[in-house]
Amino acid sequence: MNNMRFDEIAVDALEAHVKNVLTKEEITRLIETPKHAEHGDIAFPCFQLAKTYRKSPQQIAKELSEVCEHPFIEKFEANGPYLNAFLKRKLISKQLIEKVTQLSDHYGSAIDGIGARVVIDFSSPNIAKPFSMGHLRSTVIGNSLALLAEKNGCEPVKINHLGDWGTQFGKLIAAYKHWGNEAEVKENPIPTLLKLYVKFHKESEENPQLSIEGRGWFKKLEGGDLEAESLWKWFKDESLKEFEKVYQMLGISFDKVQGESFYNDKMEEVVKELSEKGLLHESEGARVVNLGEDQPPCLIEKTDGTTLYATRDLAAAIYRYKTYDFQQCLYVVGGEQQLHFEQIFQVLGMMGYDWNKKMTHVPFGLILKDGKKMSTRKGKVVLLEEVLQNAIDKAKDNMMEKNPELKNLEDVAKQVGVGAVIFHDLKNERLGSVEFDLEQMLKFEGDTGPYVQYTNARCQTILTKAERKGHMDKVSGLEDPYSWEVVKLLERFPTEVKRAFDLYEPSVIAKYLLKLSQAVNTYYGNVKILQGDAGEKDNKLALLKSVTIVLQEGLRLLGIKAPKKM
RNA sequence: GCGCCCUUAGCUCAGCAGGAUAGAGCAACAGUUUCCUAAACUGUAGGUCAGAGGUUCGAAUCCUCUAGGGCGCGCCA
């Protein structure tokens with residue numbers, strides 16, 4: 001009977017009285033959370049029962065309200081066609097606070113975790129290009145999914161599948177041979193390489209010969225040409241240094257950095273296998289796998305014998321399955337590549353690999369600029385590093401003004417600034433496209449990361465002031481309406497953690513944290529924590545302690561720090 | 001042309017295993033600091049849920065169509 005979820009309590013109370021008509025599952029499905037406090041804590045609509053009972057739903061609600069009872073429920077009330085239940089606030093809050101403070105940061109963790117291995121392919125920036133806003137999404141969503149996987153009892157494997165192979169690098173080498181100079185690249189690697197890349201695309205519009213040249217260089221690169229390889233390696237090393245700066249700012253690390261080039265020596269085998277299985281066909285000089293009547297084929301080898309994205313992804317998938325024996329493999333890649341992944345999964349299936357069902361493309365919406373996709377080729381990029389620095393500077397300005405005597409001000413400014421950017425990216429539904437808006441991203445008020453961090457910091461201050469941490473033996477529960485809203489939200493945390501991972505949606509957590517923060521701030525604004533008699537104070541402090549546990553843990557799952565002071 | 005996605009308040013978005021009066025934030029306006037951090041709180045104002053049908057006791061939510069926007073669709077990734 002301990003620690004039941006609210007819906008379980010309701011099912012428990014109702015089951016005996018509607019047993020012949022509805023199953024447990026059906027009751028669970030019907031149960032809902034009322035939107036308005038006057039409708040209680042749990043609601044059960046009686047419309048469906050009306051048919052079988054041949055009574056009005058109002059009548060049924062009334063009758064049920066008279067017979068239902070449950071040790072956790074204060075009262076049942078019929079309100080029109082609804083049966084509303086009011087929980088025993090004191091009892092529930094007592095139990096919940098005890099549970100959260102006992103479990104601490106394990107609250108919400110899956111206890112029946114099976115340790116399933118989940119490979120997550122995310123971030124994957126392209127070398128020789130700036131780490132743009134576009135990659136931010138994959139990076140923060142993927143990182144959060146890894147954290148959520150772990151929280152849900154799985155074992156994540158975080159892979160950074162760098163875009164470090166392909167025709168584009170042949171083109172870059174060609175561009176460098178034409179217009180580049182060593183000193184300039186050394187001085188300012190990424191912007192210089194980007195400039196070369198952009199110039200190449202502009203020039204090749206008038207001079208198609210250039211593209212052919214670029215493809216030639218890629219063929220050399222894939223063939224092991226020393227000059228091509230050393231240039232490529234140089235570009236890659238410079239890029240990795242730049243990326244590392246960004247990952248450090250974001251506080252994100254990987255288990256493996258295995259770019260596309262890692263599969264260079266594994267592709268021949270894949271092509272061979274495809275051929276042996278009779279899947280490879282000649283088409284217009286290239287080699288493809290045909291997929292279906294009205295579907296475009298999957299291109300495996302170009303006319304000149306070099307490989308493509310799809311080839312490398314097939315090799316990567318097979319390698320990963322062999323290496324990790326994963327239960328799930330997630331690709332956190334923009335929605336514009338949906339067709340590509342459909343093709344990859346389909347080809348794997350045709351090769352006889354039924355584990356292709358364990359692979360999922362987790363797409364997300366684009367970051368748009370003026371309603372259009374941002375394009376690297378045209379040089380329209382916004383640098384992530386600059387955005388992060390902007391945010392950090394702004395956080396610092398704020399703190400100089402509000403809390404200048406704060407120690408480690410630099411660190412906290414970083415946590416808040418970066419937190420704002422990450423939260424802004426994660427708070428909206430994954431799939432929606434977002435218009436790039438620096439001003440929005442640097443907002444620290446309202447529905448933002450700093451708002452959540454601030455809520456936590458205020459609670460922390462009170463706890464420090466009260467010098468009460470830990471022993472909550474004297475907790476007896478709370479029943480005022482403000483704390484009740486907080487308690488109800490705290491109770492939901494484990495459910496949200498599960499839902500967020502099931503849906504691959506970090507925004508579920510972000511939205512939850514906003515709701516919790518709002519409820520806490522309302523509480524804080526209306527109730528004086530450090531006033532009242534000792535017992536009352538203990539209860540309020542214990543609640544705040546629970547709040548900080550959940551806020552910190554929730555932020556952590558998004559990859560955001562929770563400073564104690566700000 | 002085909003496929004996928006999107007359209008809710010002036011702006012950014014919640015709500016969508018159908019349910020009781022469609023919610024936040026920003027912006028606007030009006031308040032709150034002898035009081036635990038005003039990065040906060042309280043209140044006012046703001047909506048034919050793109051449009052039309054359908055299923056249902058009940059639709060922002062499910063189905064169909066229309067309009068508008070976005071993204072893909074053989075040698076880029």
Side-chain angles (χ1 to χ4, degrees), chain A residues 29-30 32 34-36 38-39 43 45 47-48 50-51 56-57 79-82 84 124 126 163 165-168 171 201 211 214-215 260 283-288 294-304 306-310 312-313 333-340 342 363 365-366 368 371-373 376-377 395 398-399 401-403 406 416 420 424 427-429 431-435 437 439-440 443-448 450-455 457-466 507 511 514-515 517-518 521-531 540 544 565-566:
Chain A
R29 214 170 20 190
L30 285 171
E32 51 192 270
K35 292 184 189 105
H36 305 277
E38 70 262 31
H39 295 140
F47 303 98
Q48 285 210 4
K51 277 186 203 129
S56 73
N79 189 324
Y82 287 87
N84 295 326
S124 315
N126 298 321
W165 207 249
T167 310
Q168 52 176 326
K171 292 180 179 177
H201 274 280
S211 293
R215 283 199 289 272
E260 294 181 48
S283 170
E284 296 169 37
R287 305 173 82 185
V288 305
D294 37 295
Q295 288 180 84
C298 181
L299 231 58
I300 301 295
E301 241 181 47
K302 292 188 285 194
T303 317
D304 64 5
T306 56
T307 62
L308 283 141
Y309 185 33
R312 293 188 280 280
D313 260 357
V333 181
E336 70 269 31
Q337 290 191 34
Q338 192 172 327
L339 182 63
H340 164 73
E342 278 168 15
L366 300 131
L368 306 174
K372 296 271 185 219
K373 188 182 174 184
T376 318
R377 291 186 192 182
N398 275 350
M399 276 157 43
E401 192 188 318
K402 292 169 209 272
N403 209 349
L406 193 68
V416 172
H424 176 263
K427 78 174 171 187
N428 291 331
E429 200 180 340
L431 229 41
S433 295
V434 288
E435 176 70 24
D437 184 343
E439 216 172 302
Q440 280 289 329
K443 275 249 159 68
F444 293 177
E445 286 131 47
D447 280 353
T448 66
Y451 173 76
V452 179
Q453 290 172 317
Y454 179 67
T455 309
R458 287 171 110 186
C459 295
Q460 294 286 2
T461 307
I462 296 179
L463 289 171
T464 311
K465 214 161 230 176
S507 69
K511 277 175 249 182
L514 286 173
K515 269 202 146 154
S517 297
Q518 277 166 5
N521 279 315
T522 300
Y523 180 54
Y524 183 102
N526 286 284
V527 177
K528 290 277 163 260
I529 312 295
L530 293 174
Q531 280 173 20
K540 292 190 285 193
L544 283 205
K565 285 191 161 87
M566 61 187 272

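In what follows, every chain begins at residue 1, and chains take the letters A, B, ... in the order their sequences are listed. As the structure is a computational prediction, the values presented were derived from the model and not from experiment.
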How many Å lie between [atom1] on [X] and [atom2] on [N], as a whole number?
{"X": "A/Leu530", "N": "B/C36", "atom1": "CG", "atom2": "C1'", "answer": "5 Å"}
{"X": "A/Gln460", "N": "B/A39", "atom1": "CD", "atom2": "P", "answer": "18 Å"}
{"X": "A/Glu439", "N": "B/G25", "atom1": "CD", "atom2": "P", "answer": "19 Å"}
{"X": "A/Glu445", "N": "B/A24", "atom1": "CD", "atom2": "P", "answer": "19 Å"}
{"X": "A/Trp165", "N": "B/A77", "atom1": "CH2", "atom2": "P", "answer": "12 Å"}
{"X": "A/Leu463", "N": "B/C36", "atom1": "CG", "atom2": "P", "answer": "16 Å"}
{"X": "A/Ile300", "N": "B/G74", "atom1": "CD1", "atom2": "C1'", "answer": "11 Å"}
{"X": "A/Gln295", "N": "B/G72", "atom1": "CD", "atom2": "P", "answer": "19 Å"}

Need one value for [X]: base, sugar-phosphate or nothing, where a base atom within 4.0 Å counts as base even if backbone is also close, heavy atoms only.
{"X": "A/Arg29", "result": "nothing"}
{"X": "A/Ile529", "result": "base"}
{"X": "A/Gly166", "result": "sugar-phosphate"}
{"X": "A/Gln518", "result": "sugar-phosphate"}
{"X": "A/Lys528", "result": "base"}
{"X": "A/Glu260", "result": "sugar-phosphate"}
{"X": "A/Ala457", "result": "base"}
{"X": "A/Pro296", "result": "sugar-phosphate"}
{"X": "A/Ala395", "result": "nothing"}
{"X": "A/His340", "result": "nothing"}

* Structure fact -> Per nearest nucleotide of RNA chain B, the residue lying toward the 5' end, A/Thr307 or A/Lys402, is A/Lys402
* To do: Report the residue (A/Leu308 or A/Glu38) whose heavy-atom-nearest nucleotide on RNA chain B is the more 5′ of the two.
  =>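 Checking each residue's closest nucleotide, the 5'-ward one belongs to A/Glu38.
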* Please check if any side-chain donor atom of A/Arg215 sits under 3.5 Å from a side-chain acceptor atom of A/Thr306, or the reverse. =>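 Result is no, nothing qualifies.
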* A/Tyr451 and A/Asn521: side-chain donor and acceptor closer than 3.5 Å? ->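 Yes, a side-chain donor-acceptor pair sits under 3.5 Å.
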Produce the list of close N/O pairs, under 3.5 Å, pairing protein atoms with atoms of nucleotides 2-12 of chain B; give distances to one decimal.
residue: B/C4; atom: O2'; partner: A/Gln338; partner atom: OE1; Å: 3.1

With [atom1] as the reference atom in both, quote the distance from [N] to [M] in angstrom, rounded to an integer.
{"N": "B/C5", "M": "B/C63", "atom1": "P", "answer": "10 Å"}
{"N": "B/A27", "M": "B/G15", "atom1": "P", "answer": "23 Å"}
{"N": "B/G46", "M": "B/G23", "atom1": "P", "answer": "14 Å"}
{"N": "B/G69", "M": "B/G74", "atom1": "P", "answer": "23 Å"}

* **With sequence neighbours excluded, residues passing salt bridge (charged side-chain N to carboxylate O under 4.0 Å, His left out) with A/Glu429** => none
* To do: Please name all residues satisfying salt bridge (charged side-chain N to carboxylate O under 4.0 Å, His left out) with A/Arg458, sequence neighbours left out, ordered by chain then number.
  =>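 Partners of A/Arg458 under the salt bridge (charged side-chain N to carboxylate O under 4.0 Å, His left out) test: none.
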Distance check: side-chain N/O of [X] vs OP1/OP2 of [N], anything under 4.0 Å?
{"X": "A/Lys443", "N": "B/A27", "value": "no"}
{"X": "A/Ser124", "N": "B/A77", "value": "no"}
{"X": "A/Lys35", "N": "B/A20", "value": "yes"}
{"X": "A/Tyr454", "N": "B/A39", "value": "yes"}

* With sequence neighbours left out, write down each residue that passes side-chain hydrogen bond (donor to acceptor under 3.5 Å, both in side chains) with A/Ser124, or none if nothing qualifies. =>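 Testing A/Ser124 for side-chain hydrogen bond (donor to acceptor under 3.5 Å, both in side chains), a comparison that skips the adjacent residues, returns A/Asp121.
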* To do: Enter syn or anti for the glycosidic conformation of B/G74, syn applying to angles within 90° of 0.
  => syn
* Asked: For B/A17, is chi within 90° of 0 (syn) or not (anti)?
  ->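 B/A17: syn.
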Please tell me which of the listed nucleotides, [options], lies nearest to the side chain of [X]?
{"X": "A/Tyr451", "options": "B/C41, B/G15, B/G74", "answer": "B/C41"}
{"X": "A/Glu32", "options": "B/U37, B/A20, B/C36", "answer": "B/A20"}
{"X": "A/Thr522", "options": "B/C41, B/A20, B/G74", "answer": "B/C41"}
{"X": "A/Asn521", "options": "B/G25, B/A40, B/C57", "answer": "B/A40"}
{"X": "A/Arg458", "options": "B/A77, B/G23, B/A38", "answer": "B/A38"}

* Just do the side chain to side chain contact (heavy atoms under 4.5 Å, CB included) check on A/Leu544 and A/Ile529 with the steps written out, would you? => CA-CA 9 Å; A/Leu544 283 205; A/Ile529 312 295; 4.1 Å; yes
* Considering residues at least two apart in sequence or located in another chain, which fulfil the ring pair (Phe, Tyr, Trp, His ring centres under 6.0 Å) criterion with A/Tyr309? -> A/His340
* Structure fact -> Each base of RNA chain B marked ( ) or [ ] if paired in-strand (Watson-Crick or G-U under 3.5 Å), | if paired to another strand and . if unpaired gives (((((((..((((.....[...)))).(((((.......))))).....(((((..]....))))))))))))....
* Asked: Do A/Asn84 and B/A20 share a donor-acceptor pair, side chain to base, under 3.5 Å?
  ->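 Side chain to base: pair found, below 3.5 Å.
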